[in-house]
A.B. asks: 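Questions regarding the structure given below will be posed in turn.
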Amino acid sequence: MAKKALITGVAGQDGGHLAKLLYDKGYEVYGVIRGQLESSHPRYKAVKSEMPFLNLVMADLTDLAALTRAMQEIRPDEVYNLAAISHVGYSFRDPILTAEVTGKGVLNVLEAIRLSGLEKSTRFYQASTSEMFGGLDYNRPNKGYAEDAVFHPRSPYGVAKLYGHWITKNYRESYGMHASCGILFNHEGERRGPEFVTRKISKAVARIKLGLQEGIELGNLDSKRDWGYAGDYVDGMWRMLQQDEPGDYVLATGETHTIREFCEVAFQEIDVEIEWQGEGESEVGVDKNSGRMLIKINPDFFRPAEVDILLGDPTKAEKVLGWERKVDFGGLVKLMVENDLKLEAL
Ligand code: F7E
């Protein structure tokens, strides 16, 4: 019989990549989406037209009854909890809802499994995040964060995710659940939402090339991120649940780049060389050949507290899971700009 997997957040970036991966592996895939969505609803139709194989289940992460009903009806072999309010900047504006969904929502999913008597048979994946670290690893300043690094979240999102991380470990230790946490560093790609900086840049570059947009406004250009490709990372999630024992794993590339570098490489894809002029909030990025201003700073995109640098050490995942990332930084930027050039030209 085919294994059954249930994915919360199936309509998000990772949900789509993971659903396809599991379907290709022969799973019966169930996806949780929010709201009273009739089959004629545009969001329902969009998810179904992209992934016709999906069995859609209506439930909200804040609704323990609906989640429990879903567990009892489906009795999944594997549950991947990917749903969250996931935008760090937004979490400062709506910290209470972020705590309810991104933090307590994890407990609701775990309790739904336990209330259904599935805690010994259903395997659980929690989408933990590098945002739980929050900057430099003071213990190993020149190395990437590994699983044992010190947590110091710098946003309501990071704090809520840290609750989800620890409650997952607590259910593993208290009830012997096969519950694992993937501490994923930033992972991007063609399915990334335009509110995140990489997609915002790739989309703008494509639109500038096609004459649809003048320039782009960004916040902090100097923060550094360890950016990988989301398609590579969902394979790591699946591998975690195939281990005999549950555990926590960092998935990262081991490289870190500034937002500024992401912009430079993205513009190179359309043969524009960016030259930076000025300083601080007055800094601009201009086309070196024409002098045309393409990038400027808008302080509205600054955050009340920033994670200055993220760099991960995926050694454990590579050794234990046999996980490897296939797309490197240059390949990721290229893939995203090429995808947006195609979409914007439609
Ligand atoms: O920001 C800076 C911003 O929103 C990256 C989520 O998937 O990864 C993601 O969180 C950096 C920050 O991602 C703009 O200040 C500059 O330093 O793309 P982001 P994030 O905050 O790193 C982690 C691992 C997660 O778990 C999260 O769910 O870029 N930045 N200018 C900007 N950021 C945005 N969004 N927009 C700007 O205009």
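First listed ligand is number 1; within each ligand, the first listed atom is number 1. Note that the coordinates shown come from a computational prediction; the quantities given were computed from them, not determined experimentally.
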A.B. asks: What are the atoms of ligand 1, with element, lying closer than 4.0 Å to any heavy atom of Ser130?
C.D. replies: 24 (C)
A.B. asks: For ligand 1, which atoms, with element, lie under 4.0 Å from some heavy atom of Gly219?
C.D. replies: 14 (C), 16 (C), 31 (N), 38 (O)
A.B. asks: Rounded at 0.5 Å granularity, tell me how far CZ in Arg260 sits from CD1 in Ile274.
C.D. replies: 11.0 Å
A.B. asks: For the residue pair Phe185 and Tyr145, categorise the inter-ring angle as parallel (less than 30°), tilted (30 to 60°) or perpendicular (more than 60°).
C.D. replies: tilted
A.B. asks: Around atom 1 (O) of ligand 1, find the nearest protein heavy atom and jot down its residue, atom name and distance.
C.D. replies: Arg303 NH2, 3.5 Å
A.B. asks: Does some side-chain heavy atom of Asp248 sit less than 4.5 Å from a side-chain heavy atom of Arg172?
C.D. replies: yes
A.B. asks: Name the option, out of Asn298, Asn220, Leu218, Thr198, that contains the heavy atom nearest to atom 16 (C) of ligand 1.
C.D. replies: Asn220
A.B. asks: Note the single closest protein heavy atom to atom 27 (C) of ligand 1, along with its residue, its atom name and the distance in Å.
C.D. replies: Ser86 O, 3.3 Å
A.B. asks: Is there a side-chain contact between Gln243 and Arg123 in this structure, where contact means two heavy atoms from C-beta onward sitting under 4.5 Å apart?
C.D. replies: no
A.B. asks: Return the closest protein heavy atom for atom 17 (O) of ligand 1 as residue, atom name and distance.
C.D. replies: Ser223 OG, 2.6 Å
A.B. asks: For ligand 1, which atoms sit closer than 4.0 Å to a heavy atom of Val88?
C.D. replies: 10 (O), 21 (O)
A.B. asks: Taking 4.0 angstrom as the limit and counting only heavy atoms of Arg192, give me the atoms of ligand 1 inside it, by number and element.
C.D. replies: 6 (C), 7 (O), 9 (C)
A.B. asks: Considering only non-hydrogen protein atoms, determine which one is nearest to atom 8 (O) of ligand 1 and report residue, atom name and distance to 0.1 Å.
C.D. replies: Asn186 ND2, 3.1 Å
A.B. asks: What protein heavy atom sits nearest atom 29 (O) of ligand 1, and how far away is it?
C.D. replies: Ile259 CD1, 3.2 Å
A.B. asks: Using only atom types and a distance under 3.5 Å, with no angle test, would you say the side chain of Thr256 pairs donor to acceptor with the backbone of Leu310?
C.D. replies: yes
A.B. asks: Would Phe301 count as being in polar contact with ligand 1, using the rule that some N or O on each side must be under 3.5 angstrom apart?
C.D. replies: no
A.B. asks: Tell me the protein heavy atom at minimum distance from atom 35 (N) of ligand 1, and give that distance in Å.
C.D. replies: Glu195 O, 2.9 Å
A.B. asks: Using only heavy-atom distances, determine whether the side chains of Glu217 and Asn298 contain a donor-acceptor pair under 3.5 Å.
C.D. replies: yes
A.B. asks: With heavy atoms of Thr129 as the reference, note each atom of ligand 1 found under 4.0 Å away.
C.D. replies: 23 (C), 24 (C), 25 (C), 26 (O)
A.B. asks: Heavy-atom distances under 4.0 Å are what count here, so tell me which part of His187 touches ligand 1: side chain, backbone, both or neither.
C.D. replies: neither
A.B. asks: Which of the numbered atoms in ligand 1 are under 4.0 angstrom from any heavy atom belonging to Glu306?
C.D. replies: 3 (C), 12 (C), 15 (O), 17 (O)
A.B. asks: Begin from the C-alpha positions of Tyr80 and Trp238 and carry the test ring pair (Phe, Tyr, Trp, His ring centres under 6.0 Å) through to its verdict.
C.D. replies: CA-CA 9 Å; Tyr80 295 84; Trp238 174 77; 9.2 Å; no
A.B. asks: Checking a contact table here: which protein heavy atom is nearest atom 38 (O) of ligand 1, and how many Å away?
C.D. replies: Lys200 NZ, 2.7 Å
A.B. asks: Classify the ring geometry of Tyr233 against Trp323: parallel below 30°, tilted from 30° to 60°, perpendicular beyond 60°.
C.D. replies: perpendicular
A.B. asks: For ligand 1, is there an N or O atom under 3.5 Å from any N or O atom of Val197?
C.D. replies: yes
